[in-house]
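Keep in mind the model is a prediction, meaning the values are calculated, not measured.
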Amino acid sequence: MKELIQQLLEQAVTTLKSQQILPEDLAPRIQVDRTKDKAHGDLATNLALMTAKPAGKNPRELAQLICDNLPESTLVEKTEIAGPGFINFYLNNAWLSEQLDAMSRDAKSNVKLADAPQTIVVDYSAPNVAKEMHVGHLRSTIIGDAVVRTLEFLGHKVVRANHIGDWGTQFGMLIANLEEVEKQGTDAGSIELSDLEAFYREAKQRYDSDEEFAVRARNYVVKLQGGDEYCNTMWRKLVDITLSHNQAVYNRLNVSLQMSDAMGESQYNAMLPEIVADLEKQGLAVEDNGAKVVFLDEYKNKDGDPMGVIVQKKDGGFLYTTTDIACAKYRYQQLGADRVLYFIDSRQHQHLMQAWSIVRKAGYVPEEVPLEHHAFGMMLGKDGRPFKTRSGGTVKLVDLLNEAEERAQQIVAEKSRDLNEQEQQQAAKAIAMGAVKYADLSKNRTTDYIFDWDNMLAFNGNTAPYLQYAYTRIQSILRRADIDVSSLTQTIELEHDAEIALGQKLIQFSDTVHGVANKGMPHMMCNYLYELAGAFMSFYEACPILKNASEQQQQSRLRLAALTAQVITQGLSLLGIETLERM
RNA sequence: GCACCCGUAGCUCAGCUGGAUAGAGCGUCGCCCUCCGGAGGCGAAGGUCACAGGUUCGACUCCUGUCGGGUGCGCCA
């Protein structure tokens with residue numbers, strides 16, 4: 001919608017240039033905004049204000065010239081010049097009605113697909129091997145998955161990259177301990193991940209107390225890194241146990257990651273020596289105290305000298321900076337990424353900036369391929385302190401999801417008495433997962449954020465249950481109408497203000513999907529859907545659909561209602577949230 | 001010490017590429033059920049956008065500084 005107005009304005013600019021009213025070399029960034037106040041029309045541009053100075057003209061006078069030179073268009077009802085020189089556009093209702101008609105007949109609600117589909121790598125979730133997923137993995141997993149769904153919807157090729165923590169010195173003791181367990185006759189495949197947590201502690205304890213065990217563990221680290229087949233097999237078992245457990249969590253959360261999307265740190269090991277050698281060859285890495293270090297002028301250490309980033313330890317080992325350099329290189333060169341998005345917590349920001357700074361200097365990824373860090377903070381409890389169990393431990397994701405379902409079940413049992421038990425279970429599950437996910441998705445803070453059960457499970461405000469409820473309410477009306485709305489040919493008539501407002505909100509869906517894709521920010525979709533639901537509720541109050549309405553009005557309003565439901569369910573599905581027919 | 005992120009209503013959060021009178025929900029107070037789902041709607045009160053300068057026709061938004069909070073800074077990941 002904005003684009004169409006922009007095109008009209010561009011043509012006007014071209015015309016004015018040819019008339020020497022605007023300088024030939026002027027290339028203004030044409031900005032079209034939705035107005036906050038209806039008195040200012042539906043859309044507005046500040047074009048005349050921006051170009052007044054270079055054109056040497058009074059802004060209002062210039063605005064008039066722009067309006068006079070706008071091409072004829074069916075979508076604009078009229079234009080007005082307001083304030084210091086804004087041009088306000090009033091949309092034509094017949095045009096709006098046609099747009100809504102087209103939306104309701106299109107499987108993707110007339111969302112404009114990407115003109116040039118890209119290959120986009122999205123790095124998200126990233127749990128660790130031999131550890132259960134905990135609340136710290138929630139945000140990355142959920143936000144990343146929503147962005148992935150949105151990008152795919154627009155036609156991009158998305159590579160889901162689950163950068164699991166599957167490498168490090170701790171694997172020596174884990175392998176040694178797995179050996180002990182297998183000696184006692186337990187098959188690795190039968191180990192549950194919850195046992196694996198205990199297993200991890202057991203390994204650590206043995207490592208600390210048993211010198212012979214520790215020696216063996218250290219030996220295994222060396223052998224594993226050297227590609228030893230036995231150690232590799234044992235390592236693989238640990239990875240597989242973890243992946244299959246995590247898969248259950250992803251499935252339950254309706255996260256689209258599969259086991260085959262795991263692209264762990266270990267995958268880049270083979271690249272590391274050549275990266276360091278190349279950095280040295282390029283003169284970027286130098287030896288310092290036995291280690292290989294890249295000095296970056298843009299980062300200073302405590303003495304004010306360029307900060308050194310170690311890419312290889314003096315014992316020959318590699319650190320995660322080198323892995324992240326290799327990883328970015330791989331994603332560009334091997335996966336053919338046009339864009340890479342990282343959903344990783346904000347504590348790693350500086351580290352990523354350093355790694356990418358080296359990546360750019362070494363020429364591994366060209367500047368035109370964006371590497372984007374989408375950061376977020378820690379999860380805090382309602383009291384503003386880190387979100388922990390009563391005993392102060394880390395909250396496991398499984399426990400969090402269980403609690404969400406328990407809470408949702410209580411609410412459903414109380415409020416959805418007309419559903420049978422199975423329907424109640426299903427509703428509770430959808431509400432619980434929706435609430436948890438939406439609570440994360442709807443926040444844009446890069447800083448710490450507050451996790452509050454009462455807020456997220458509320459049926460009012462910007463929450464998943466509110467949107468799910470709005471959807472079921474519409475479904476209820478459509479059921480009651482008892483006609484196939486998709487077969488209606490009645491045009492959508494926008495008479496009442498509330499109908500126009502709803503219609504205008506509906507056609508913003510396409511812009512919203514693109515906003516989420518371009519910025520990697522799903523909260524824009526949340527805000528939009530909340531506003532849409534609000535616009536529908538106002539319409540619903542003001543415009544009777546089934547009663548006190550003419551045949552024509554009834555059909556038109558049913559179509560509007562059905563389209564609203566279509567957009568809500570589609571929008572929520574892009575966020576990975578389910579809707580229900582009844583709740 | 002240096003760097004990064006943040007500071008918007010009592011609380012939780014929006015505020016797009018700088019645009020017109022800074023918006024929601026909760027909580028507080030009021031109104032609306034002979035009405036298609038009241039799990040709803042309408043309204044009121046509540047703001048020095050941390051503070052001070054600067055740029056601009058115009059700043060919550062950009063720049064500089066100060067204060068406050070969080071996080072990270074050479075051989076873990």
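- Looking at every heavy atom in both residues, A:Leu467 comes nearest to A:Ile568 through O-CG2, 4.0 Å.
- A sub-4.0 Å separation between OP1 or OP2 of B:A24 and a side-chain N or O of A:Tyr528 is absent.
- Of all nucleotides listed (B:G70, B:G19, B:A39), B:G19 comes nearest to the side chain of A:Asn46.
- A distance cut-off of 5.5 Å between ring centres, combined with a plane angle under 30°, places A:Phe86 in a stacking arrangement with the base of B:A20.
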Output field dot_bracket for RNA chain B (Watson-Crick or G-U, both distances under 3.5 Å, | for other-strand pairs) contains (((((((..((((.....[...)))).(((((.......))))).....(((((..]....))))))))))))....
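- A gap of 30 Å separates the P atoms of B:C32 and B:G10, to the nearest Å.
- Listed nucleotides: B:C6, B:C75, B:A14. Nearest to the side chain of A:Lys314: B:C75.
- Here A:Arg557 does not reach the OP1 or OP2 of B:C36: none of its side-chain N or O atoms lies under 4.0 Å away.
- A:Arg473 has a side-chain polar atom (N or O) that falls below the 4.0 Å cut-off from OP1 or OP2 of B:G38.
- Comparing the C1' positions of B:G15 and B:C60 gives a spacing of 8 Å, expressed to the nearest Å.
- Using a 4.5 Å cut-off on side-chain heavy atoms (C-beta onward), A:Val13 and A:Leu22 make contact.
- For B:U8, its base sits under 3.5 Å from the side chain of A:Arg445 at one donor and acceptor pair at least.
- Rounded to whole Å, the separation between the P atoms of B:C49 and B:G23 comes to 14 Å.
- When heavy atoms are screened at a 4.0 angstrom cut-off, A:His40 is found touching base atoms of the nucleic acid.
- For A:Ser416 against B:A39, a side-chain-to-base donor-acceptor contact under 3.5 Å is present.
- Contact between the side-chain N/O atoms of A:Arg347 and the OP1/OP2 oxygens of B:A77 is not found at any separation under 4.0 Å.
- Using a 4.0 Å heavy-atom criterion, one finds that A:Gln348 contacts no nucleic acid atom at all.
- In this structure, of B:G69, B:A77, B:G19, it is B:G69 that holds the atom nearest to the side chain of A:Thr447.
- For A:His523 and B:G15, the shortest distance from a side-chain N or O to OP1 or OP2 is below 4.0 Å.
- Distances were taken from every side-chain heavy atom of A:Lys53 (C-beta onward) to each of B:C75, B:U56, B:A14; the shortest belongs to B:U56.
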List the steps, then state whether salt bridge (charged side-chain N to carboxylate O under 4.0 Å, His left out) holds for A:Lys38 with A:Asp497. CA-CA 11 Å; A:Lys38 272 274 162 266; A:Asp497 283 349; over 6 Å; no
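- Using a 4.0 Å heavy-atom distance criterion, A:Asn289 is classed as a base contact.
- For the pair A:Lys415 and A:Tyr469, the cation-pi test (distance below 6.0 Å, angle within 45°) is failed.
- For A:Gln31, no side-chain nitrogen or oxygen approaches OP1 or OP2 of B:G18 to under 4.0 Å.
- Closest approach to the A:Arg479 side chain among B:G70, B:G37, B:C4 is made by B:G37 (side chain taken as heavy atoms from C-beta onward).
- The shortest distance between the side-chain N/O atoms of A:Asn460 and the OP1/OP2 oxygens of B:C26 is below 4.0 Å.
- With C1' as the reference atom, B:A24 and B:C2 are 39 Å apart, rounded to whole Å.
- In terms of phosphate contacts, A:Lys519 brings a side-chain nitrogen or oxygen within less than 4.0 Å of OP1 or OP2 of B:U17.
- Minimum atom distance to the side chain of A:Gln350 is reached by B:A3, of the listed B:G37, B:A3, B:C57.
- Between A:Lys313 and B:C76 there is a side-chain N or O to OP1 or OP2 distance below 4.0 Å.
- With hydrogens and angles left out, the side chain of A:Asp166 and the base of B:A77 share no donor-acceptor pair within 3.5 Å.
- When the side-chain nitrogen and oxygen atoms of A:Thr446 are compared with OP1 and OP2 of B:C5, none of them lie within a distance under 4.0 Å.
- Between the C1' atoms of B:G53 and B:G70, the separation comes to 26 Å (whole Å).
- Side-chain rings of A:Tyr320 and A:His351 approach one another, their centers coming within less than 6.0 Å.
- Here B:G37 is the nucleotide among B:U12, B:G19, B:G37 with the atom lying nearest to any side-chain atom of A:Thr472.
- Nearest heavy atoms, A:Met378 versus A:Arg347: SD-NH1, 4.3 Å.
- Across all strands, A:Ile450 comes closer than 4.0 Å only to sugar-phosphate atoms, never to a base (heavy-atom distances).
- OP1 or OP2 of B:A20 has at least one side-chain nitrogen or oxygen of A:Lys36 nearer than 4.0 Å.
- Of the candidates B:A24, B:G70, B:G40, the closest approach to any side-chain atom of A:Phe459 belongs to B:G40.
- Within the 4.0 angstrom heavy-atom criterion, no nucleotide atom of any strand lies near A:Met524.
- Nucleotides B:A59 and B:A14 have their P atoms positioned 24 Å apart, rounded to a whole Å.
- Separation of atoms CG (A:Asn527) and CE (A:Met521) is listed at 11.5 Å; rounding is to 0.5 Å.
- Checking the phosphate oxygens (OP1, OP2) of B:C42, a side-chain nitrogen or oxygen of A:Ser538 falls inside 4.0 Å.
- Nucleic acid contact for A:Phe318: sugar-phosphate only, since backbone atoms but no base atoms lie under 4.0 Å from a heavy atom of the residue.
- Across all strands shown, A:Ala375 has no heavy atoms under 4.0 Å from either base or sugar-phosphate atoms.
- In the interface, the side chain of A:Tyr320 is paired with the base of B:A77 through a donor and an acceptor atom under 3.5 Å apart.
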Between A:Tyr471 and A:Met583, is a side chain to side chain contact (heavy atoms under 4.5 Å, CB included) present by the stated rule, with each step listed? CA-CA 10 Å; A:Tyr471 177 81; A:Met583 59 192 276; over 6 Å; no
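- For A:Tyr449 and A:Phe376, the distance between ring centers is not under 6.0 angstrom.
- Using P as the reference atom, B:A20 and B:G58 are 14 Å apart when rounded to the nearest Å.
- Across all strands shown, A:Tyr449 has heavy atoms under 4.0 Å from sugar-phosphate atoms exclusively, and none from any base.
- Ring-centre distance between A:Trp356 and A:Tyr342: below the 6.0 Å cut-off.
- With no hydrogens or angles considered, no side-chain donor-acceptor pair links A:Gln410 and A:Glu414 at under 3.5 Å.
- Heavy atoms of A:Asp37 sit under 4.0 angstrom from at least one base atom.
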